[in-house]
Amino acid sequence: GSEMCIRDSLDFLGCRLNQAEIEQMAREFAARGDTIVDTPEEADRVVINTCAVTRNAGKVSRRLIRQAARANPNAAIIATGCYAQIAPEKVASLPNVAEIVDNLDKDRLVPLVSGSADAPYDLEPHQRDPLPPGTLGRTRAFVKVQDGCDNRCTFCVTTLARGAGRSRPMGEVIREINALAQAGYREVVLTGVHLGSWGQDHGEDLAMLVRAVLHRTRVERIRLSSLEPWDLTPDFFELWSDDRLCPHLHLPLQSGSDATLRRMARRTTQAQFSALVEAARRRIPDLCLTTDIIVGFPGETAAEFGDSLDFVRTLGFARLHCFPYSARPGTAAARRPDHVPNWIKKERMQQMLALSEGQWAAFQRGQVGRTAPVLWESARGSGPDGIRWTGYTPHYVPVEANGPADLANTITPVELTDFDGTTLSGTIRSHR
């Protein structure tokens, strides 16, 4: 048509799912002939996918919107995501917010704000080619396969913000991954709010999806985002006999104390979780296991916290994502009378973080002496020995090495030679 080409800038906060959704929107805007730009300054329209997992995430979501409005007072801001869902009136009162798109309408955001009624996939197939790797500064693509959640963990606002669990049809997921592989992506990450529940709404399960991805696509590396422990059985891990599945699992524990887990309504116990981890380690040699931990959940006593710390140490996670408990509006935990004082939360956070840092350093140090395939992502600066690159091993450990200019989005074998306490570095063994 004769309209000006619209420039869109897209940003997100929070989980991999929010990132997957933003990448999907960028592809759809581009398919309509819009130009995707990097900053709000250059944009006519700014889409921000917000997060509400903690109180701070809500604050940062507001800040992102304000910064975009300051950077470009002429751009229309479209807000969506979990924070926009649970605090729409707060978001609507921020400068330049032209529209709030409900989480349940988020998949139709592009046609809704572009003012045309096409469903996202009514465009000609060739028009919705994926953005090439590197467009949003990424070499791995996040593929959203599931949304919503039917668990009722007492601390979580995401289930309220995203609604009931629902899965994307297998065929659609396979088509998207094949298009991404054809566009040059070497790695895809399957994501969802409650990924482990994929297929339960139509008589399938996640193992079936992963098997289909392994058999019906040729993408070189496949990762799974966060998986709830109660959705998995020991035989699930047999899928890892195919080494395209990366040996990294993120199994959120949230607490290592049975009493705390009960108050959280987490459907697992120390014994069940240990048994699952043992099963995973038996089938996935040299597994990199990471988890989420909340400290200072309402009612957490010193003894419970001690239990949690011991259990985490015993299980030998490679890395923890630690959060101090944050009361979210509308959740059962927020209504409890026995909140833990902030100063105690801070003390416990320090102990848990110290444990995490020690375990992560030990895991990285344990990689020295091995050779691992690294997918190169980004360069920072060059020296006499070439450009300094950062990439990731299949275990999701960042590695730095010197290499040639054309390394981005390639996978090369790297001899891991040195760990200086913060960074693992290596020598590239061959470059094709």
Side-chain angles (χ1 to χ4, degrees), residues 5-12 16-38 47 49 106-107 109-111 114 118-146 168-192 195 209-210 212-225 242-246 373-379 389-392 394 396 403-412 431-432:
C5 161
I6 292 181
R7 294 173 307 241
D8 303 300
S9 127
L10 298 93
D11 205 351
F12 78 98
R16 299 293 191 215
L17 188 66
N18 269 0
Q19 181 170 341
E21 289 165 345
I22 277 291
E23 293 181 7
Q24 177 61 38
M25 289 172 206
R27 295 197 282 270
E28 289 179 35
F29 278 128
R32 287 169 182 274
D34 291 10
T35 302
I36 307 299
V37 295
D38 290 335
V47 178
N49 202 359
K106 196 194 263 180
D107 292 338
L109 180 140
V110 174
S114 301
D118 330 343
Y121 293 113
D122 288 351
L123 300 163
E124 282 305 295
H126 65 256
Q127 278 184 283
R128 45 165 215 271
D129 292 341
L131 301 167
T135 309
L136 296 161
R138 310 223 167 58
T139 55
R140 74 177 86 87
F142 293 91
V143 175
K144 172 179 169 175
V145 303
Q146 187 277 337
R168 259 180 90 190
M170 185 188 283
E172 211 177 281
V173 173
I174 300 295
R175 273 197 302 280
E176 181 172 345
I177 292 173
N178 279 325
L180 289 162
Q182 215 174 340
Y185 284 89
R186 300 300 180 84
E187 182 174 308
V188 298
V189 187
L190 305 183
T191 64
L195 177 63
L209 178 66
V210 173
V213 173
L214 289 168
H215 292 154
R216 294 168 57 191
T217 76
R218 300 243 290 279
V219 67
E220 288 163 79
R221 303 216 296 204
I222 301 156
R223 292 186 190 282
L224 303 180
S225 70
D242 186 321
D243 63 9
R244 288 159 62 206
L245 269 177
C246 293
V374 173
L375 172 59
W376 297 106
E377 294 214 340
S378 56
W389 286 91
T390 304
Y392 285 85
Y396 205 55
D406 58 349
L407 215 51
N409 200 40
T410 63
I411 297 176
T412 61
H431 174 53
R432 56 189 191 312

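It should be emphasised that the depicted structure is a prediction, and the values quoted were computed from it without experimental measurement. Any value given below was found using the heavy atoms of this structure, including those in side chains, with hydrogens, waters and symmetry copies removed.
Closest non-hydrogen pair, Val219 versus Glu187, comes out as CG2-N, 4.0 Å. Shortest non-hydrogen contact noted between Val189 and Ser225 is CG1-N, 4.1 Å. Nearest heavy-atom pair, Ala20 versus Thr191, reported as atom, atom and distance to 0.1 Å: CB-OG1, 3.8 Å. Across all their heavy atoms, Arg186 and Thr410 have their closest contact at NH1-CA, 3.9 Å. When all heavy atoms are compared, the tightest approach of Leu195 to Leu190 is CD2-O, 3.4 Å. Listed here is the closest heavy atom pair of Ala26 and Leu10: N-CD2, 3.8 Å.
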Audit row: Asn18, Lys106, side-chain contact (heavy atoms from CB on, under 4.5 Å) steps and yes/no = CA-CA 11 Å; Asn18 269 0; Lys106 196 194 263 180; 3.6 Å; yes

Check the pair Arg27, Leu180 against side-chain contact (heavy atoms from CB on, under 4.5 Å), reporting the backbone distance first and the verdict last.
-> CA-CA 11 Å; Arg27 295 197 282 270; Leu180 289 162; 3.9 Å; yes

Before giving the answer on side-chain contact (heavy atoms from CB on, under 4.5 Å), spell out for Ile411 and Val374 the whole-Å C-alpha distance, their side-chain angles and the decisive distance to 0.1 Å.
-> CA-CA 5 Å; Ile411 297 176; Val374 173; over 6 Å; no

Tell me, with the steps shown, if Leu407 and Thr412 meet side-chain contact (heavy atoms from CB on, under 4.5 Å).
-> CA-CA 9 Å; Leu407 215 51; Thr412 61; 4.2 Å; yes

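Of the possible donor and acceptor atoms, one in the side chain of Trp389 sits under 3.5 Å from a partner among the backbone N and O of Pro404. Not a single donor-acceptor pair under 3.5 Å links the side chain of Asp8 to the backbone N or O of Phe29. Remark: side-chain polar atoms of Arg244 are paired, donor with acceptor, to backbone N or O of Leu214 under 3.5 angstrom. At least one donor-acceptor pair under 3.5 Å links the side chain of Arg223 to the backbone N or O of Pro394.
Here Ile22 contributes atom CD1 and Phe12 contributes atom CZ; the two are 8.0 Å apart, rounded to the nearest 0.5 Å. To the nearest 0.5 Å, atom CG of residue Leu209 and atom CZ of residue Arg168 are 10.0 Å apart. For the atom pair Arg221 CZ and Cys246 SG, the distance stands at 5.0 Å (nearest 0.5 Å). Here the CG-CG distance, from Asn409 to Leu375, works out to 6.0 Å after rounding to the nearest 0.5 Å. If you take CD on Gln182 and CG on Asn178, they are separated by 8.0 Å, rounding to the nearest 0.5 Å. Between the CD atom in Gln19 and the NZ atom in Lys144 there is a gap of 13.5 Å [rounded to 0.5 Å].
The residues Glu377 and Arg140 are annotated as salt-bridged, a charged nitrogen and a carboxylate oxygen being separated by less than 4.0 angstrom.
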